[in-house]
2 protein chains.
Amino acid sequence: MVKAIQIGLLGFGTVGTGVVRIIQGHQDHLHRQSGSSIAIKSILVKNLEKSRAVDVGNAQLTLDPWSIINDPEINVIVEVTGGVNPTKEWILAAIKNGKHVVTANKDLMAMHGNELLAEAARNKCDIYYEASVGGGIPIIRALMDSFTSDKITKIMGIVNGTTNYMLTKMAQEGASYKDVLAEAQALGYAESDPTADVDGLDAARKMTILARLGFLTDVALEDVRSKGIRDVTQEEMKYASKLGYTIKLVGIAERQGDKINVSVQPTMMKNSHPLSSVNGVFNAVYVYGEAVGETMFYGPGAGELPTATSVVSDLVQVVKNLKLGVNGLTSDSHYKEKKVLSEAEQFSKTFIVLRVHDRAGVLAQITNLLAGHEVSLESIIQSPLQGEQGSELCMITHRSSKASLDGVLSKLNEMEVVRSIDSVYRVEG
Amino acid sequence: MVKAIQIGLLGFGTVGTGVVRIIQGHQDHLHRQSGSSIAIKSILVKNLEKSRAVDVGNAQLTLDPWSIINDPEINVIVEVTGGVNPTKEWILAAIKNGKHVVTANKDLMAMHGNELLAEAARNKCDIYYEASVGGGIPIIRALMDSFTSDKITKIMGIVNGTTNYMLTKMAQEGASYKDVLAEAQALGYAESDPTADVDGLDAARKMTILARLGFLTDVALEDVRSKGIRDVTQEEMKYASKLGYTIKLVGIAERQGDKINVSVQPTMMKNSHPLSSVNGVFNAVYVYGEAVGETMFYGPGAGELPTATSVVSDLVQVVKNLKLGVNGLTSDSHYKEKKVLSEAEQFSKTFIVLRVHDRAGVLAQITNLLAGHEVSLESIIQSPLQGEQGSELCMITHRSSKASLDGVLSKLNEMEVVRSIDSVYRVEG
């Protein structure tokens, strides 16, 4: 009889409770999978007296993280406290003590993942973090294991449930940004300070993690440009719909040659693309690999049990690696040199809405300008402005570089016939 | 230095070639993942003289399968020949020789999977078969590993690319069944004898495999009822669209209490459901688990490189298990008693189109009949028949048992005011 693998659990909130429940309730199945039994030895809590929704068995509750991190009998630390401080310090110390780590902490992995993974590789320790992106969606495992013999060229993700809920409401019910934000806050989907969600920061963290795995290089949060959804209007939603598109907050990690580029922005997704119909609080990650082609993984982006399910599947992986003697090998998988594509070099289609004066030759002036910058048009709609003089021009360009596009936008701004540039969106699908 | 794991490859067609190419080209990455190097020792071919698209290195080509199956140095058999005869005999013999098996063969796994898996478990051998369902989509790994601590209640799959291509064309272009079949045949998406695809037999095989994994019981092909798409008409497509649905060939494996039920049929999927927008030759599998909630896996259902990618990821798993000493444990995972729900006990929503005579009280007669069988309506549309007397009634019921529904249909058939029952479809989403 092999000795049970000993777990130290940092955090005993909802996810921690779910983890304990699953480990207690599925010993047979976990043993069948990993070849070992799994025992929770100690749990870091904030309050020793609080009554708990699960029976912790022989596990010891403690207020002292160091009694867990420095316990030589503990093989694996499961971290579900969240936040970067003091979590980073705990995890680094645990790794230096030779412990393997399972974490659900996207902030930690996005901001300090490169450092933690390098330290883990040096110490032959695992760090697994399936629950940090897409809750219950096994996207990290897919990138690590299933596409192991493929070369990923693009990852697009709807990885923030709050903003996807808001954009879905705006598209389906014609509500304004302000109203849907208030509703999302009332339902508990959005924080009272919604910055991290609506400005795309949460999505940027998750894209950092996915890009690092997809491109096997040490992508950092600072490499990710992000733009949020605060300025998305009903008019733009309606234009998108008329042209066969849906506006989504999309994280895009892509490779052009040997350079990579990661960004988050509101994006017009063509309605034939599977991401366009990902609605409400659901998340989805679309992966394009040279061998596999297009795949998409869809599911709940958050929630106690989906998250706990992901944490336990990571734990099984660590236990398997322990018996294999291969811990730490995947920690070192960001081994390629990082070359970041400058913004100017990036190519994409773009959606532009302009208000122009009604003059003869306006359209010719504008299309000549575009041609001069090597930007060609996929489609254009001109319509009279309602209740005022002038027209609205709504255009979708073919793929062009950001440098060319910026040249166009700056010239448009100077043109006398152009009253205003109302919208500029990236287009995908 | 650990000795390389020795592979015997049965079959050297397109998928076999892809497998060799990936193994030759990714030794470093495979070693990093599995902790071992992987060498192809022998390859079963049909023709020793044929020139090959890949360099086979030290691998020996042979016409004799038994020289591979009986080779004591070979650890793992990779089977990509397809078909059941003589493949089943080979695989059984290989297992009895203690060899692990990776196969892409859906027919083999659907028809003889229970026997092969039981034999593998007895011999402590692995059988992995990711490529048998959904080509490059890692759905089998997700069911085996990621949802290991969850309880699956329903799996719905669009698992046949040919029929999905045909239904997509019919829906988007208004083409007839006959025309899209001819086009699919011309493009090589459908066989000259399209029976296996259009009658739902191929989908039934894949659903057998998924249901076995989802419900951990020995589902057999005979347990799956299947109905194909031969009778789907343009009129039905239009009705579906008008009501906000899309007709798809959907395999459904579901659990009611401790009983399970697996079927394949053309189904009206609500347009808000992610499966409704899976188009063309793409496949998708939707999984509902008690913990994780709703997830969906989408991607290419076939193709050389997607399939080879799945085969190699299975191979890495076998090599890991070899070092873990846990081979054969997952082979034995269909350990629950199988209880199959009778057709009469099955509950679902149903779409019905009737032609009726224009008489006073027709609608009352029909709705009274439904109420008498405890079938209630979600929606109903009555419209005049074009170019003839009478009306068309198009109804969607709430969930009712198949027994109640059959009672209703048989009574409708006898009613004098009912001229014909034109369509009956299962409704989901």
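These numbers come from a predicted model, not from an experiment. Order of the sequence lines fixes the chain letters, A, B, ..., with proteins taken first and strands second; residue numbering starts at 1 for each chain.
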Fill in the blank from the handout: With chain B, the option among A:A308, A:A142, A:P274, A:G293 that has the most non-hydrogen atom pairs under 4.5 Å is A:P274
Problem - Side chain / backbone / both / neither for B:Y286 at chain A, heavy atoms under 4.5 Å - result: neither
Exercise for the section: Measure the spacing between OH of A:Y298 and OH of B:Y298 and express it to the nearest 0.5 Å. Expected result: 14.0 Å
Completion exercise
Greatest number of non-hydrogen atom pairs under 4.5 angstrom with chain A, of B:S310, B:P306, B:G289, falls to B:P306
Practice task
Report the distance from atom CD of B:Q172 to atom OG of A:S272, rounding to the nearest 0.5 Å.
Solution key: 8.5 Å
Exercise for the section: Go through A:V278, A:V292, A:V312, A:L30 and name the one with the most non-hydrogen pairs under 4.5 angstrom from chain B. Expected result: A:V292
Practice task
Tell me, yes or no, whether the heavy-atom count around A:K154 atom NZ, taken from other residues, nucleotides or ligands under 6.0 Å, exceeds 12.
Solution key: yes
Practice task
Could you grab the distance from atom OG1 of A:T295 to atom CD1 of B:I137, nearest 0.5 Å is fine?
Solution key: 8.0 Å
Problem - Check against side chain to side chain contact (heavy atoms under 4.5 Å, CB included), A:F282 and B:E294 - result: CA-CA 9 Å; A:F282 278 93; B:E294 302 174 58; 3.8 Å; yes
Handout entry: Atom group of B:D145 that falls short of 4.5 Å from chain A, counting heavy atoms
Key = both
Practice task
Check each atom of B:E130 against the heavy atoms of chain A and say whether the ones under 4.5 Å are side chain, backbone, both or neither.
Solution key: neither
Practice task
Would you mind checking which part of B:T309 comes under 4.5 Å of any heavy atom in chain A, side chain (CB onward), backbone (N, CA, C, O), both or neither?
Solution key: both
Practice task
Any chance you could measure B:N321, atom CG, to A:K320, atom NZ, to the nearest 0.5 Å?
Solution key: 6.0 Å
Problem - Distance in Å, A:R141 CZ paired with B:R141 CZ, rounded so as to fall on 0.5 Å steps - result: 7.5 Å
Problem - Between OG on residue B:S313 and CE on residue A:M144, distance to nearest 0.5 Å - result: 15.0 Å
Completion exercise
The interface call for B:L216 against chain A, heavy-atom contacts under 4.5 Å, is side chain
Exercise for the section: Name the region of B:P300, side chain, backbone, both or neither, that has any atom closer than 4.5 Å to a heavy atom of chain A. Expected result: both
